[in-house]
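In what follows, residues are counted from 1 in the order of the sequence shown.
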Amino acid sequence: MTYTCADYRVEMILLGLKRRAADETLSPDERDFLEAEIRKLEKTLGVDDP
């Protein structure tokens, strides 16, 4: 498997979303949205983070 710029970009977006989701001041709706986006990206990358 070749690691591409697109793969790197998705990984960086994923890391940013995880940082934002860790913010304790987020509303439950915002956290749910971020967690759904995180799951989508993890599925795209084939990552199984618990």
Side-chain angles (χ1 to χ4, degrees):
M1 181 176 149
T2 304
Y3 187 74
T4 65
C5 288
D7 295 329
Y8 178 78
R9 181 176 184 272
V10 171
E11 284 184 4
M12 293 302 105
I13 292 169
L14 180 59
L15 287 174
L17 290 173
K18 285 184 175 186
R19 280 192 201 127
R20 285 176 53 197
D23 183 354
E24 295 180 13
T25 63
L26 287 176
S27 72
D29 289 338
E30 290 172 315
R31 187 174 316 281
D32 290 343
F33 174 78
L34 290 172
E35 289 174 354
E37 290 297 311
I38 289 168
R39 282 191 300 275
K40 248 192 277 187
L41 288 176
E42 286 177 342
K43 186 176 180 180
T44 298
L45 289 173
V47 177
D48 292 323
D49 275 352

Roughly how far, to the nearest 0.5 Å, is CD of Glu42 from OG1 of Thr44?
10.0 Å
Output for pair (Ile38 CD1, Phe33 CZ), nearest 0.5 Å, gives 10.5 Å
Hey, could you give me each pair passing salt bridge (charged side-chain N to carboxylate O under 4.0 Å, His left out) that has a residue in residues 19-30? Not counting sequence neighbours.
none
Answer yes or no: does atom OH of Tyr3 have more than 12 heavy-atom neighbours from other residues, nucleotides or ligands under 6.0 Å?
yes
Among Val47, Leu15, Ile13, find the residue that satisfies the side-chain contact (heavy atoms from CB on, under 4.5 Å) test when tested with Leu41.
Ile13
Any residue meeting salt bridge (Lys or Arg N to Asp or Glu O under 4.0 Å) with Glu37, in chain and number order, not counting sequence neighbours:
Lys40
